[in-house]
Undergrad: 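After the structure tokens below, expect a handful of questions from me.
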Amino acid sequence: RAKAAGGNRFERADPEADARAITRHGLTNALPAALDRGEFFIEYQPLVHLGDGSVHGAEALVRWCHPQHGVLGPDRFIPLAEHTGLIVPLGRWVLQEAVRQARFWSSRHADGGPLRINVNLSPTQLHHPGLVADTVDVLERSGLEPGALCLEVTESALIGADDDLLKPLRQLAEMGVDIALDDFGTGYSNLANLRRLPVSVLKLDRSFTRGMQTEPADPVDLKIVEGIVSLAHSLELAVTVEGVETGAQAEQLRRIGCDTAQGWYYARPGAPDRIHSLALSDAV
Ligand code: C2E
Ligand code: MG
Ligand code: MG
Ligand code: MG
């Protein structure tokens, strides 16, 4: 650490930073065995139609039940798994598990149409040559229709993406899998660039909805979201908003014409049964 700071021999040690580095190191080393031991689990957060409040589907969010540290959120270990490449088998497990769950919901929810399942993909997974084959395999084995799967890719992962990187996403999109641009608005992508990407959904980052927690909403935030929604719709993209925490936000976003929403106002991420019962309760 002192070296990174320019080799100043008199720099004071930072015990907290050292402790964090040790923890990171320990977590990184423990990842492969954790996958073998089944220490990962998935919580599901509903995606809701803003128009009528019905459940559209759910996003799969991975957690690690660590024997010493307790339940760890993805921000603690996804970057480590990315760095070591373990994200490939871990991501494959998440996909398989989430798709299997979605297939189960659909079998119990036949009249309401299939519940959709959103799964996050990290940049390393995008670059991995097995992505298309793995996805096809998971879909075929589960029997879930490709149109019920949405893969979320962050805007920053696609910045400057060339055709080689976009090709697998195009193949998946041609099969009917939806591709969503996650955390939209936090990267620096050129809006005109959107036309080039095989995406069908924009997920507006939580930072935009924050200005709508108040009544009246922040007028500038409102204008920005209105602009993005109308642009997205003119490009035939659906708009999902993240981080909806209040009824006032939900109402504003509905008025603006956003399609679906996700956030604590509706439900926190939780066990799969809850998605199922929420969907069944609005089917009656
Ligand atoms: P994300 O894909 O943008 O997921 C949304 C995050 O916002 C989730 O955090 C969710 O719990 C949180 N959230 C949802 N509603 C609200 C709200 O109303 N208010 C607030 N303050 N937060 C809300 P989480 O579960 O900690 O996940 C963080 C990130 O980790 C995700 O961001 C995603 O990028 C990544 N991630 C999660 N699961 C996976 C996975 O299986 N694979 C990969 N590659 N990344 C994953
Ligand atoms: Mg996501
Ligand atoms: Mg997101
Ligand atoms: Mg986000």
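Ligands are counted one by one from 1 in listed order, and the atoms in each one are counted from 1 as well.
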Undergrad: Please confirm if an N, O or S atom belonging to Thr154, backbone or side chain, lies less than 2.8 Å from the Mg ion (ligand 2).
TA: no

Undergrad: Please identify which atoms of ligand 1 are closer than 4.0 Å to at least one heavy atom of Val62.
TA: 38 (N), 39 (C), 40 (C), 41 (O)

Undergrad: Is there a heavy atom in Gly91 that sits closer than 4.0 Å to ligand 1?
TA: no

Undergrad: Considering only N, O or S atoms, which atom of Glu59 is nearest to the Mg ion (ligand 2)?
TA: OE2

Undergrad: Is Asp183 touching ligand 1 with its side chain, its backbone, both, or neither, if touching means heavy atoms under 4.0 Å apart?
TA: side chain

Undergrad: Taking Glu145 first and then Arg116, would you say they form a salt bridge - that is, a charged N and a carboxylate O separated by under 4.0 Å?
TA: no

Undergrad: Hey, is the Mg ion (ligand 2) within less than 2.8 Å of some N/O/S atom on Asp182?
TA: yes

Undergrad: If you consider just the N/O/S atoms, which atom of Glu152 is the closest one to the Mg ion (ligand 2)?
TA: OE1

Undergrad: So that I can tick it off, tell me whether Glu174 and Arg170 are bridged by a salt bridge, with the cut-off set at under 4.0 angstrom between side-chain N and carboxylate O.
TA: no

Undergrad: Just by distance, do the side chain of Glu155 and the backbone of Gly185 share a donor-acceptor pair under 3.5 Å?
TA: yes

Undergrad: Using distance alone, determine whether Gln262 and ligand 1 share an N or O pair under 3.5 Å.
TA: no

Undergrad: So, is Tyr265 polar-close to ligand 1, with some N/O to N/O distance under 3.5 Å?
TA: no

Undergrad: Side-chain donor-acceptor pair under 3.5 Å between His56 and Asp259, yes or no?
TA: no

Undergrad: Could you list the residues that satisfy salt bridge (charged side-chain N to carboxylate O under 4.0 Å, His left out) with Asp218, not counting sequence neighbours?
TA: none

Undergrad: Under a heavy-atom criterion of less than 4.0 Å, does Gly73 contact ligand 1?
TA: no

Undergrad: Go through the structure and list residues passing salt bridge (charged side-chain N to carboxylate O under 4.0 Å, His left out) with Lys167, not counting sequence neighbours.
TA: none

Undergrad: Has Glu59 got any heavy atom lying under 4.0 angstrom from an atom of ligand 1?
TA: yes

Undergrad: Just say parallel, tilted or perpendicular for the rings of Phe40 and Trp64, cut-offs at 30° and 60°.
TA: tilted

